[in-house]
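Below: the structure, in structure tokens.
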Amino acid sequence: MARRFVLKREETSQKAVELTIDYSGDLNPQQYAAATAGSGAHLVIAGAGTGKTRTLVYRVAYLVETGVSPDSILLLTFTRRASAEMLSRASVLLDGRCSLVRGGTFHSFCLSVLRRHSERIGYPTNFTILDSSDAADVVDVVRTAAGLHKGTKRFPRKKTLYSLFSTAANRSLSIPEVVESRYPQFFDFIEDISNLSDRYAEYKRRHVLMDYDDLMCQTIRLFDEHPDVRNAVSGQCRHVLVDEYQDTNRAQARLVEHFCSVYGNVTAVGDDAQSVYAFRGADSDNIFEFPDRYPDVRVLKLEQNYRSRQPILHLANKIITQATRRYDKVLFSDEKEGDLPALVAAPNDQFESRFVCQLIGQLREESVPLNRTAVLFRSGFNSYQLEIELNRRNIPFVKYGGVKLSEAAHVKDVIAHLKVLENPRDAAAWNRVLLLLEGIGPKTAQEIMEWVVSRDEDPFVLDDRPFSPRYVESLTALFAMLRSLFNATSSLENEVEQVLAYYEPILKSRYFEDYPKRLQDLEHFAGLAVQTSDRAEFLASLALDPIELTALEAEAADPDEPPLVLSTIHSAKGLEFDTVFIIQALEGILPSSYSLKDPDALDEELRLLYVAVTRAERNLFISYPMVQQRRFDGEYFARPSRFLEDIDESLLEPWSLVEEDAAPVEKQLAANNDRAQLPF
DNA sequence: TTTCCCAAGCTTTTT
DNA sequence: GCTTGGGAAA
């Protein structure tokens with residue numbers, strides 16, 4: 001076989017170009033080195049708050065300024081929010097040119113690749129995307145069809161099955177491997193589960209559907225099977241920049257290799273101490289194996305923290321020493337001064353909420369804008385009590401990691417109609433649409449759908465098949481509506497309006513108790529449609545970038561005062577705030593009770609606390625209720641998180657809460673005199 | 001076959 | 001508290 005010798009591209013000299021940004025003045029030497037590094041592979045190890053984002057932003061600007069065409073730069077981030085923020089910062093630095101840089105999540109970039117090339121792997125390009133609950137529903141349909149749902153022993157539920165499949169996809173493992181390692185209780189079902197996985201894949205293919213994992217796995221398959229496509233895509237990726245590399249999984253690492261296969265210019269940025277997505281298949285070994293994958297890699301480090309004051313860093317450093325794995329990273333700061341972080345023991349969660357609200361009020365008076373303050377917590381429901389209190393005091397807030405608009409049942413119903421128009425073979429959407437009709441159950445829905453999918457001609461024509469009179473009238477109305485939209489070339493806005501007009505009576509009869517509230521959501525939804533013109537794009541962004549319900553409410557409330565941020569710690573990754581509250585720092589919550597048995601999972605919970613702590617610039621308050629309400633068996637005494645138990649008071653100052661006036665003298669005395677006290 | 005009702009089981013983090 | 005699954009009536 002003939003041998004190919006690859007000639008490296010010579011970096012053209014940029015000496016002649018006049019740079020408009022003072023890189024060495026704006027950045028410290030380590031940041032400067034990373035931002036202005038030349039071609040090849042680079043791994044930037046950056047501790048929390050060391051200006052990782054800033055460095056990436058400057059790197060983008062630098063590349064553009066030195067002549068790299070902006071649309072040949074690919075910036076992969078963890079959320080769309082992060083990528084939008086970085087690109088807007090880069091655009092501020094360097095006029096508008098950076099807005100042409102291609103940025104987004106792995107999922108969204110893969111989507112754009114597949115929309116152009118999916119026919120090569122047998123997928124029409126109008127495929128629709130299943131979110132995780134859609135996917136679980138599809139699994140359920142397949143499972144029922146296969147007759148696996150009944151048997152002597154309990155077969156796994158649809159959500160469990162889907163997450164099992166997802167684990168396999170994200171970790172590049174086979175179904176039996178996943179069952180053996182993570183779901184040993186289903187060992188007896190290995191055959192059936194593998195079988196089901198195949199059927200699920202086949203069903204998706206037949207009905208032109210992709211779930212989240214398919215977006216990545218099918219792209220990999222496309223590249224593996226069609227090197228010409230890979231080269232074409234990779235040939236447009238002159239530089240690939242990857243943020244939060246510690247949270248990538250096997251499939252994503254593979255994708256990065258593909259993307260930079262032509263030019264070999266890749267910059268990965270990450271911090272192994274901040275890896276918090278192992279539950280989703282993230283493999284922090286990716287960082288350590290990076291030098292093996294890219295032998296000529298240059299490893300750069302960012303160590304100086306610019307974000308937090310020294311007392312906060314002392315605490316963060318102390319927390320991370322409790323990990324079973326060693327992280328040899330000590331953050332330091334120039335900002336020596338600052339208050340000690342506080343550990344606030346509240347009698348119960350109402351006191352905790354009052355405490356948080358009162359301090360937020362004080363900060364607001366000290367003219368710290370509300371959106372520079374964040375309340376962080378482990379899980380979405382941890383903030384319910386606080387949300388009540390905030391509403392009572394009219395403090396506007398957005399909650400990230402809460403209920404998404406597109407997850408509400410009634411919104412999903414409307415979306416399903418649009419999906420049917422976009423992809424008439426989308427069985428999941430048809431199923432949803434048909435089940436809304438009186439007199440149609442799973443069986444009939446299945447029949448009608450099979451019939452629609454089997455025909456190649458105009459999918460929205462009802463012929464003279466003998467439909468049962470029980471539902472023929474509503475079915476005719478549905479098809480008439482779909483057909484008129486399918487044939488007309490109306491705007492998306494108009495389309496959504498028509499679907500809503502059709503759906504409103506259904507909404508009324510299904511949810512008559514709280515139908516006005518739901519109608520309001522649908523109006524929000526219609527408002528979103530105005531901003532997009534392309535239906536496929538609109539549907540994709542609903543799936544890949546779901547809108548938080550509270551975001552719309554806060555926006556509506558007062559456009560002048562940006563709202564307070566409530567967020568799960570996961571969703572706060574990469575963000576920073578003047579003041580951070582970490583609430584519900586309880587054993588069983590942070591660390592989560594699910595993690596207690598597994599040392600690796602426990603370590604991840606610890607890193608989660610580390611991430612939360614290092615979001616703070618100036619003030620940090622960690623609080624927990626001493627008594628917790630449980631659903632049925634009443635109250636019980638709660639223990640603070642084990643991660644905080646052994647921390648010295650010189651690093652984390654204990655506070656207790658005292659009622660103003662009303663507090664009896666004994667209570668005052670009972671509180672430890674040495675402890676700081678905050679009167680209400 | 002659909003729909004309604006009741007009991008049982010689970011309950012995190014995200015694209 | 002909410003979803004899911006099973007059973008029985010219409």
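Letters A, B, ... are given to chains in the order of the sequence lines, protein chains preceding strands, and every chain is numbered from 1.
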Legend entry - Aromatic plane relationship, A/Phe109 with A/Phe259 - under 30° parallel, 30 to 60° tilted, over 60° perpendicular: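 The arrangement is perpendicular - the two ring planes meet at more than 60°.
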Inset, instruction - Would you please classify the geometry between the A/Trp430 ring and the A/Phe479 ring as parallel, tilted or perpendicular, with 30° and 60° separating the classes? - result: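 Aromatic pair A/Phe479/A/Trp430 classed parallel.
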Legend entry - Residue-phosphate contact under 4.0 Å: A/Ser592 side-chain N/O, B/dT13 OP1/OP2: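 Looking at the OP1 and OP2 atoms of B/dT13, neither is under 4.0 Å from any side-chain N or O of A/Ser592.
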Inset, instruction - Ignoring backbone atoms, test whether A/Arg143 places a side-chain nitrogen or oxygen under 4.0 Å from the OP1 or OP2 oxygen of C/dG5. - result: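 So the side-chain polar atoms of A/Arg143 do come within 4.0 Å of the phosphate oxygens OP1 or OP2 of C/dG5, strictly under.
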Inset, instruction - Report yes if the distance between the aromatic ring centroids of A/Phe189 and A/Phe187 is under 6.0 Å, otherwise no. - result: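 No - the distance between ring centres of A/Phe189 and A/Phe187 does not fall below the 6.0 Å cut-off.
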Legend entry - Ring centre gap for A/Phe538 and A/Phe525 strictly below 6.0 Å: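 Distance test on ring centres: under 6.0 Å, yes.
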Inset, instruction - Kindly write out the residues that satisfy salt bridge (Lys or Arg N to Asp or Glu O under 4.0 Å) with A/Arg116, not counting sequence neighbours, or none if the list is empty. - result: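 A/Arg116: no salt bridge (Lys or Arg N to Asp or Glu O under 4.0 Å) contacts found.
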When we call it a touch if two heavy atoms are under 4.0 Å apart, what does [X] touch: a base, just sugar-phosphate, or nothing?
| X | value |
| --- | --- |
| A/Glu604 | nothing |
| A/Ser108 | nothing |
| A/Ser571 | sugar-phosphate |
| A/Phe78 | sugar-phosphate |

Inset, instruction - For A/Tyr277 and B/dT13, say yes or no: do the ring centres fall under 5.5 Å of each other while the ring planes differ by less than 30°? - result: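 Not stacked by the 5.5 Å and 30° rule.
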Inset, instruction - Identify, residue by residue, the members of residues 440-450 of chain A with a heavy atom below 4.0 Å from DNA chain B, and return them in order of residue number, or none. - result: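 Going residue by residue through residues 440-450 of chain A, the ones with a heavy atom under 4.0 Å of DNA chain B turn out to be A/Ile440, A/Gly441, A/Pro442, A/Lys443, A/Thr444.
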I'd like to know if [X] pairs up with [Y] as an ion pair, taking the criterion as any Lys NZ or Arg NE/NH1/NH2 lying under 4.0 Å from an Asp or Glu carboxylate oxygen.
| X | Y | answer |
| --- | --- | --- |
| A/Lys204 | A/Asp214 | yes |
| A/Asp243 | A/Lys52 | yes |
| A/Lys412 | A/Asp137 | no |

Could you state the atom-to-atom distance from [atom1] of [X] to [atom2] of [N] in whole Å?
| X | N | atom1 | atom2 | result |
| --- | --- | --- | --- | --- |
| A/Leu435 | B/dC4 | CG | P | 13 Å |
| A/Glu407 | B/dT14 | CD | P | 10 Å |
| A/Glu548 | B/dT13 | CD | P | 12 Å |
| A/Asn382 | B/dT13 | CG | P | 9 Å |
| A/Asp211 | B/dT14 | CG | C1' | 14 Å |
| A/Glu605 | B/dT13 | CD | P | 11 Å |
| A/Tyr212 | B/dT13 | OH | C1' | 15 Å |
| A/Glu587 | B/dT12 | CD | C1' | 15 Å |

Between [options], which nucleotide has the shortest distance from any of its atoms to the side chain of [X]?
| X | options | value |
| --- | --- | --- |
| A/Arg470 | B/dT3, B/dT15, B/dT2 | B/dT2 |
| A/Tyr594 | B/dT11, B/dT13, B/dT15 | B/dT11 |
| A/Thr105 | B/dT15, B/dT14, B/dT2 | B/dT15 |
| A/Arg157 | B/dT15, B/dT11, C/dT4 | C/dT4 |

Inset, instruction - Report the residue (A/Asp545 or A/Phe381) whose heavy-atom-nearest nucleotide on DNA chain B is the more 5′ of the two. - result: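 Nearer the 5' end of the strand: A/Phe381.
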Inset, instruction - Between A/Gly439 and A/Arg280, just flag the one whose closest nucleotide in DNA chain B comes earlier from the 5' side. - result: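 Upstream on the strand: A/Gly439.
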